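Worksheet: the structure to be examined is printed underneath.
The analysis underlying the following values was restricted to heavy atoms, covering all of them including side chains, and did not include hydrogens, waters or symmetry mates. These numbers come from a predicted model, not from an experiment. Starting from 1, each residue takes its place in the sequence as its number.
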Amino acid sequence: MSLSLNPSQPLTSMLKGGTTTQSSSDATLRNITASRQLSTIVATSLGPNGMNKLVVNHLEKIIVTNDCATILKELEIEHPAAKMLSLASQMQDEECGDGTNLCVSFAGELLAKTEELLRMGLHGSEIISGFKKACDATLNEYLPSLCSDNVSDVRSKEELVRVVTPVIMAKQYGSEAVLAPLIAEACLTVMSSSNRVSPDSVRVCKIMGGHVGLSHIVRGMVIQRGAEGTITKATDAKVTVFSCGMEASATEAKGTVLMQNAEDLKGYNKSEETKMDEIIKSIANTGTKVVVSGGSISEMALHFLQKYDIMVVKIGSKWDLRRLCAAVNATALVRLGPATPDEMGHCDAVTVKEMGGRHVTIFSQDDPDARSCRLSTIVLRAATNSLLQDLERAVDDGVRCIETACKDGRLVPGAGATEMELARRVQQLGDTSPGLDQYAIRAFGQAMEFVPRTLAENSGRGASNVLAALYAAHSQGGVSVGVDIDGSKEGIKDVQGDIMDLLTTKMSSLRLAVDATLTVLRVDQIIMSKPAGGPKMQ
């Protein structure tokens, strides 16, 4: 251990070898630059006409998507300040599903405005104070006052389709007419009596082949493998689920069986067959038509199951086994034997079908009013694996959107209309505020212009002309006028009742963006230890 201290480099000589430091304004500007570069990557993916990113991760897997949370997850960001924005996006994705791009892009725009203010001579504390005042006014006063609609009935399919359509349009523009009704119907199927939706109750089954229009919903579960044996159909069936395998159990200790002649050998095999026959017969006597096993199925067990006309399905994943139990309302047994009536499930139809050149087993409940089905499955069809993955991400975001709408159904105008009105009001607040933080408040409002400007640019329209038209419309009271991506010559239209966003999603996205920005601005020194381990594999 060295007790010497280098006066010229007191900090690095005090710390362990390999430690790097950045301090003062240099660290702040470096953090801002890194965060801005990250937001620039995802900004072009904002809106229905946003561009896709092709990301090749460390496993050489190719991901083609415009979903901000997925892009940032696969980029494996190492810069500590840029990772703040990535974590904010991840939190937004977990809470609301939608609004991840808005969160990162708005944070990047705020930091870009911050760099201009720092070069003007403002201190970091004045900028932070101004951003806080503008954020409080936005979230507590301006944004709630823009609520112009709400979800009146969460059990209405039309209402849910209206809410989820803009979310799907932002991810899969052109497929919203197919996916939005499927997502709404799937959520209605699993909605509880207290009007709550659990995202885990809506599953996705991806089958390659065909096109998006062939996608459909199944009230129940779809397993991507066929049945064991020759029986491939059962109706009005009692279902028994085993988490163990269906085979003769082996002894824990090794033993030796001494056989004197052929009769002993025949009798030994016969006793095993007789025992298995008794077990399968006792299962059949309960009225079971379908048996699901979470382990291996021996040929002897399969023979007797066929003898008693019992359909057999094997599921290798314990998670899928739990979901199937929820779909048929059954209890998984850990021992091989007959189930009690309470442990058995029921399914209206169990069939094996061929989709896209592969066999799938469908457990479906036909009665739409039945409360026994706690799981629904959306079967997605597409021509490529990349498109299937992106469709699944869009469905997940749509389900989380409906989950949020069930908790708080207040809606605000979309298509950049809300952000444009907030920009106008916050800049007015800055004009009437005393002190140096008025510059930060005005910069906060100018950063809000980023959303309509980016929507216009990604749609191939002149951003300056669209922003000028929006300012003119909003100054005359048109608070619901937003960007028209494919319509009028001016590039704007009234989106009231047509394109609406959830207030909760918008508030969460803006709050996380401001929090991430303030966290980055409060950092004046970065101290990074030498990474553990050996050299990185290239």
Side-chain angles (χ1 to χ4, degrees), residues 46-47 67-69 87-107 134-156 158-171 180 183-184 187-188 190-192 194-202 393-422 425-426 448 451 479-480 482 495-517:
L46 182 68
D67 183 58
C68 176
L87 292 174
S89 170
Q90 181 182 343
M91 183 58 65
Q92 175 69 13
D93 187 50
E94 292 175 0
E95 289 184 358
C96 304
D98 190 29
T100 53
N101 204 321
L102 172 62
C103 177
V104 176
S105 300
F106 181 59
C135 180
D136 291 341
T138 299
L139 297 180
N140 299 328
E141 182 182 349
Y142 299 150
L143 192 54
S145 68
L146 294 177
C147 290
S148 56
D149 201 352
N150 69 320
V151 181
S152 56
D153 182 13
V154 294
R155 290 195 175 273
S156 169
E158 290 75 18
E159 288 282 309
L160 295 184
V161 169
R162 183 166 70 98
V163 170
V164 80
T165 295
V167 177
I168 303 301
M169 287 177 67
K171 304 291 189 298
I183 296 170
C187 291
L188 286 173
V190 300
M191 190 175 291
S192 65
S194 58
N195 294 338
R196 290 292 183 265
V197 174
S198 172
D200 292 334
S201 299
V202 180
R393 285 187 280 268
V395 169
D396 289 341
D397 290 349
V399 173
R400 292 193 178 276
C401 170
I402 292 180
E403 180 193 16
T404 306
C406 290
K407 299 175 183 176
D408 186 355
R410 290 178 293 173
L411 301 173
V412 294
T418 298
E419 288 81 1
M420 195 72 235
E421 182 64 20
L422 291 176
R425 294 189 184 185
V426 173
M448 284 284 187
V451 176
V479 296
S480 59
V495 297
Q496 178 64 37
D498 183 19
I499 303 174
M500 306 295 290
D501 293 336
L502 285 168
L503 173 68
T504 306
T505 301
K506 193 80 71 178
M507 291 183 72
S508 173
S509 185
L510 294 177
R511 183 183 294 109
L512 287 170
V514 174
D515 287 348
T517 302

Residues D397, D67; criterion side chain to side chain contact (heavy atoms under 4.5 Å, CB included); working and verdict
CA-CA 10 Å; D397 290 349; D67 183 58; 3.4 Å; yes

Look at D408 together with R410 and state whether they make a salt bridge at an N to O cut-off of under 4.0 Å.
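A salt bridge links D408 with R410.
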
State the [atom1]-[atom2] distance between [X] and [Y], to the nearest 0.5 angstrom.
X    : Y    : atom1 : atom2 : answer
L503 : N150 : CG    : CG    : 11.0 Å
T138 : L143 : OG1   : CG    : 7.5 Å
L422 : L139 : CG    : CG    : 9.0 Å
M420 : S480 : CE    : OG    : 14.0 Å
L512 : C103 : CG    : SG    : 5.0 Å
F106 : M448 : CZ    : CE    : 4.0 Å

With distance as the sole test, does [X] use its side chain to make a donor-acceptor pair with the main-chain N or O of [Y] at under 3.5 Å?
X    : Y    : value
S201 : V190 : no
S508 : T504 : no
T418 : G414 : no
D93  : S89  : no
R400 : E95  : no

Between V163 and L160, does a side chain to side chain contact (heavy atoms under 4.5 Å, CB included) hold up when you go through it step by step?
CA-CA 5 Å; V163 170; L160 295 184; 5.6 Å; no

Which heavy atom in [X] sits nearest to a heavy atom in [Y], and how many Å separate them?
X    : Y    : value
V426 : A134 : CG1-CB, 4.0 Å
E421 : L146 : CG-CD2, 3.6 Å
G398 : I183 : C-CG2, 3.9 Å

Side chains of [X] and [Y]: does their closest heavy-atom pair fall under 4.5 Å?
X    : Y    : result
L502 : L411 : yes
C135 : L510 : no
M500 : S148 : yes
C96  : S509 : no
E419 : K506 : yes
V399 : V164 : no

If you measure only the distance, is there a donor-acceptor pair under 3.5 Å linking the side chains of R425 and S145?
yes

Test side-chain contact (heavy atoms from CB on, under 4.5 Å) applied to Q92 and D98, L87, T505, N101, the passing residue:
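Among the candidates, only T505 passes.
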
Residues which pass salt bridge (charged side-chain N to carboxylate O under 4.0 Å, His left out) with E159, listed by chain and number, not counting sequence neighbours:
R162

